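In what follows, a single structure is set out as structure tokens and then discussed.
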There are 4 protein chains.
Amino acid sequence: MPASRFISDKFFPERNKRERRKEARPGELLEAALDLFVDKGFAATRAEEVAARAGVSKGTLFLYFPSKEELFKAVVTENLSGRFTEWNAEFEAFEGSTSDMLRYCMRIWWERVGSTKASGLTKLMLSEGRNFPELAEFYRQEVVRPGHALLRRIIRRGIDSGEFAPVDVDHAIYAVIAPMIFLMLWKHSAMICVDGESEIDPEKYLAIQAETVLHGLAMPPKAGP
Amino acid sequence: MPASRFISDKFFPERNKRERRKEARPGELLEAALDLFVDKGFAATRAEEVAARAGVSKGTLFLYFPSKEELFKAVVTENLSGRFTEWNAEFEAFEGSTSDMLRYCMRIWWERVGSTKASGLTKLMLSEGRNFPELAEFYRQEVVRPGHALLRRIIRRGIDSGEFAPVDVDHAIYAVIAPMIFLMLWKHSAMICVDGESEIDPEKYLAIQAETVLHGLAMPPKAGP
Amino acid sequence: MPASRFISDKFFPERNKRERRKEARPGELLEAALDLFVDKGFAATRAEEVAARAGVSKGTLFLYFPSKEELFKAVVTENLSGRFTEWNAEFEAFEGSTSDMLRYCMRIWWERVGSTKASGLTKLMLSEGRNFPELAEFYRQEVVRPGHALLRRIIRRGIDSGEFAPVDVDHAIYAVIAPMIFLMLWKHSAMICVDGESEIDPEKYLAIQAETVLHGLAMPPKAGP
Amino acid sequence: MPASRFISDKFFPERNKRERRKEARPGELLEAALDLFVDKGFAATRAEEVAARAGVSKGTLFLYFPSKEELFKAVVTENLSGRFTEWNAEFEAFEGSTSDMLRYCMRIWWERVGSTKASGLTKLMLSEGRNFPELAEFYRQEVVRPGHALLRRIIRRGIDSGEFAPVDVDHAIYAVIAPMIFLMLWKHSAMICVDGESEIDPEKYLAIQAETVLHGLAMPPKAGP
DNA sequence: CATGAATGAGACTTCATTCAT
DNA sequence: AATGAATGAAGTCTCATTCAT
């Protein structure tokens, strides 16, 4: 990069606006799309609105993403599926009891997904999956399946180490997932809350649920869900 | 039923059939609407399809319900809000411990709502509520508020009787609701389930969750939601 | 049909307008579509324009024909493919020399197709076929193939009866078709004509071409177009 | 070519390559445009595709040709109208009978135009002319008019020399043109051909048609077009 | 000169709702 | 009361053309 670049940057700070924008566009569009998809759902989000929020015209959106469906897939990849490699590695490297691992898992999930806009994507797929089979299939492959696989490995680790009872692994997965899904809905649906009812403290809620699940998974007596 | 009805039955059986159908119309439409709303969501359900399933023409639907939104409200009233008077009475008359009352409450909810198509309406509102504010408000007033009120009275009964610890009532409500909501989603979303994973047994799942909640509400030590 | 119908027809002649229109609609739309397709081509004809010319709105067109392509197919069926059964029967029943049959065939083709708007459909497919493969395939199946089959049978009849030389039948078909295609283009393309050049007399032109072809098909000396 | 060119060739070979490409640009674009126009038609050919095939960017295309229409005109000039001066000269210098001249004319047309991509332009104008009146007018002026003029002079030469009967010259022109147009359509439309029908031999077809036309033009009895 | 990001008019199609019959 | 033909706003996507870099 020549020095002249910096010079012109100084005197004509707008000079590379277009150039910079070009690289930033997909990201800006993905963020706008995430916001709107989460807010209004897939079908109810108009392509033009996404473009407008990203500060571009209708046409520009289709310059980067060939269709609304592909835009959605890109949003999912960007915000959810792209992270599984990182998480898998993290849990591969985890040292400590599987109970701690599960507690950590649920806490970290809330931190990195549940509490963010990304969790709205899951709510969206729960709602509209049936109307957009291709998106549903994509989401299942890219998010649900890896997620379940990760949890399954954790549960199995606990069983193999003798820490957990030899429960039905799939049932255990649902027991872990259920409170997470509830939290997402609670976060993304004004529906559940009424009037001036007091708020949920998600971290605390999850912590309690974690203990409940672990109680059900505990070795000695009888096994849970 | 007036005597004239029987007379017409005898002498004008043809005329009467029509009459009966006429009176049955709204009910048939409501049932068709419930099916389709639950299956495809509110926005994605086409008015014509509802009419077709009820065996009438598009125009007839709008003869009985002035708009798709009013149709939806009628479906909600018919299937959910209309039942609260009955439930309130039932719990008013309940004799026994509040723990049993809560267990009974969750079990009976599954029997009468959770396991039926009606539960799809809740899922629907969770998903599409934001796009149809008027429907959301209606649902909140007609279903969420009475439901929360009922639960609140149960929890308070337990606290007042010294059976439950003096917990935050609203938090306790969420603890009860959460597994119900999860079950509804599990029932109405292919999304959550993957491949050949084993099924959940809803009754068992609810029973376990009930015990967990009751454990959290128990008197002695200290309680969390 | 009750007498009251006629009475109301007298006093309220507009009464059955809607009813009558309902039955006439498809036909009116097909005619409007034929006009516009022939005039502007398939791609350049806007659905709304077809509707407007038929005196209805955009939506109404799609009430009768699910897509622009299906509309086009219906136009082809109505104006071309539907007629082959009639023509086949006519030639089955033809008595006389095959030479006369061929002369008659070309003359009748001009009368019933070539000189009508329907011939514009052929011109259209020649132009746009490549851009709309499904339409092209449909047209080939429904028009080109039956047309060639009919001609092939005529030529073969002549050969079998010893009236024609045993020429290559397919070549002969092209020799018959060529002037017809030229006439269609001449009719539908302002392109070919220039300034004040005198007009072609299609009937005469075809008659001469028919003799030329028959000369080429004649038995004795050497054969083939 | 100025001497400076050679100097730059030696000392700035890099710079020169660019220069050469620069000069070649329009030609490359015209060739790409010819290919695509002939293949897909005028309306269906996208400007970006032309640019891509020529190895330049969309912007560059509009640098050389102010619009798609102007590009098309340039293609026509390059491939058709530009050649008439050469042809006129050739026929001016022709020595021999007018019959031979006409035979030669049709043969040479096939060699130099009919069998090349350029003939696709005629088919294109026949098809899309009506949708692009300015192009149609241009084509008429630049191609049709000179072409007809050339043929008219040939026919007239034959009549003046007593070789041909005093037929209607314009009719005679159509008789000559018709088989040429048919051949172009046959070459550029999959439409006309069906299944495995045997091919046409264009040279032979034209030769036969030439004799037919000449027969019609012959002096003695009475003539038709 | 060359690029390619950006635009926006315009095309097809859907569907809640109206209304003449 | 019942019908179903008709409407038209709205949504997705395309592509010739422009212009900052």
Side-chain angles (χ1 to χ4, degrees), chain A residues 8 12 14-25 43-51 55-71, chain B residues 18-19 21-23 25 43-52 56-69 71, chain C residues 8 12 14-25 43-51 55-69 71, chain D residues 18-19 21-22 25 43-52 56-69 71:
Chain A
S8 69
F12 308 101
E14 285 306 308
R15 186 204 148 197
N16 292 321
K17 195 171 79 179
R18 201 180 191 125
E19 206 174 298
R20 261 194 237 114
R21 295 222 124 197
K22 167 191 155 190
E23 283 154 25
R25 270 298 123 77
T45 293
R46 294 184 299 116
E48 188 158 17
E49 219 176 335
V50 174
V56 299
S57 77
K58 204 177 9 174
T60 304
L61 171 62
F62 289 97
L63 208 59
Y64 290 97
F65 304 95
S67 73
K68 206 174 132 183
E69 296 219 342
E70 290 303 318
L71 172 62
Chain B
R18 224 188 215 156
E19 211 174 286
R21 281 203 72 198
K22 185 176 80 186
E23 280 162 21
R25 280 290 140 76
T45 293
R46 294 190 345 223
E48 185 158 21
E49 218 176 336
V50 173
V56 300
S57 77
K58 213 179 345 180
T60 305
L61 171 63
F62 286 93
L63 206 62
Y64 287 100
F65 305 96
S67 74
K68 207 172 124 180
E69 297 217 343
L71 172 63
Chain C
S8 70
F12 308 101
E14 286 304 309
R15 186 202 150 198
N16 292 320
K17 195 172 79 181
R18 201 178 191 127
E19 207 174 299
R20 260 194 237 109
R21 295 220 124 196
K22 169 190 154 189
E23 282 155 26
R25 271 298 120 77
T45 293
R46 294 183 299 116
E48 188 158 15
E49 219 175 337
V50 174
V56 298
S57 79
K58 205 176 5 174
T60 303
L61 171 62
F62 289 96
L63 208 60
Y64 290 97
F65 305 95
S67 73
K68 206 174 135 184
E69 296 219 341
L71 172 63
Chain D
R18 223 187 217 159
E19 211 173 288
R21 280 204 73 198
K22 185 177 78 184
R25 281 289 140 77
T45 293
R46 294 190 342 223
E48 184 158 21
E49 220 176 334
V50 174
V56 301
S57 76
K58 209 177 350 178
T60 305
L61 170 62
F62 287 93
L63 206 63
Y64 288 99
F65 305 96
S67 74
K68 209 171 121 180
E69 297 217 343
L71 171 63

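Treat the numbers as computed from the prediction; the structure is a model and nothing was measured. Reminder, nothing fancy here: chain letters follow the sequence lines and each chain counts from 1.
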Using the side-chain heavy atoms of [X], tell me which of these nucleotides is nearest: [options].
| X | options | result |
| --- | --- | --- |
| Tyr64(A) | dT12(F), dA1(F), dA5(E) | dA5(E) |
| Ser57(C) | dT3(F), dC12(E), dT7(F) | dT7(F) |
| Lys68(B) | dA16(F), dA16(E), dT7(E) | dA16(E) |
| Leu63(B) | dA1(F), dT17(E), dC12(E) | dA1(F) |
| Phe62(B) | dT3(E), dT12(F), dT17(E) | dT17(E) |

Report the base-pairing partner of dA9(F) (Watson-Crick or G-U wobble, both distances below 3.5 angstrom), or none.
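Here dA9(F) is engaged in a pair, and the nucleotide opposite it is dT14(E).
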Mate of dA20(E) where both pairing distances stay under 3.5 Å, Watson-Crick or G-U
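Paired with dT3(F).
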Select from Leu61(B) and Ser67(A) the residue whose nearest nucleotide in DNA chain F is closer to the 5' end of that strand.
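With Leu61(B) and Ser67(A) compared, the 5'-side residue is Leu61(B).
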Residue whose nearest DNA chain F nucleotide is more 5′ - Thr45(A) or Thr60(A):
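It is Thr45(A) whose nearest nucleotide is closer to the 5' end.
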Atom CD of Glu69(C): over 12 foreign heavy atoms under 6.0 Å
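More than 12 within 6.0 Å, yes.
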Find the distance [X]:[atom1] to [N]:[atom2] and express it as a whole number of Å.
| X | N | atom1 | atom2 | value |
| --- | --- | --- | --- | --- |
| Phe65(D) | dA2(E) | CZ | P | 12 Å |
| Leu71(D) | dT17(F) | CG | P | 10 Å |
| Glu49(A) | dA10(F) | CD | P | 13 Å |
| Glu48(C) | dG11(F) | CD | C1' | 15 Å |

Thr60(C) OG1 to Lys58(C) NZ distance, which is reported to the nearest 0.5 Å
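One gets 11.0 Å once the value is rounded to the nearest 0.5 Å.
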Report the distance from atom CD of Glu49(D) to atom CZ of Arg46(D), rounding to the nearest 0.5 Å.
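Here the interatomic distance stands at 5.5 Å.
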Minimum-distance pair of heavy atoms, taken over all atoms of Ala51(C) and Ser57(C):
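Of all heavy-atom pairs spanning Ala51(C) and Ser57(C), the closest is CB-O, 3.4 Å.
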Taking every non-hydrogen atom, the tightest pair across Ser67(D) and Phe62(D)
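Taking Ser67(D) first and Phe62(D) second, the nearest heavy atoms are CA-CE2, 4.1 Å.
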Classify the nucleic acid contact of Lys58(C) as base, sugar-phosphate or nothing, counting any heavy atom under 4.0 Å across all strands shown.
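If one applies the 4.0 Å heavy-atom cut-off, Lys58(C) turns out to touch a base.
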Quick one: on DNA chain E, does Ala44(B) or Gly59(D) contact a more 5' nucleotide (nearest heavy atom)?
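Result: Gly59(D).
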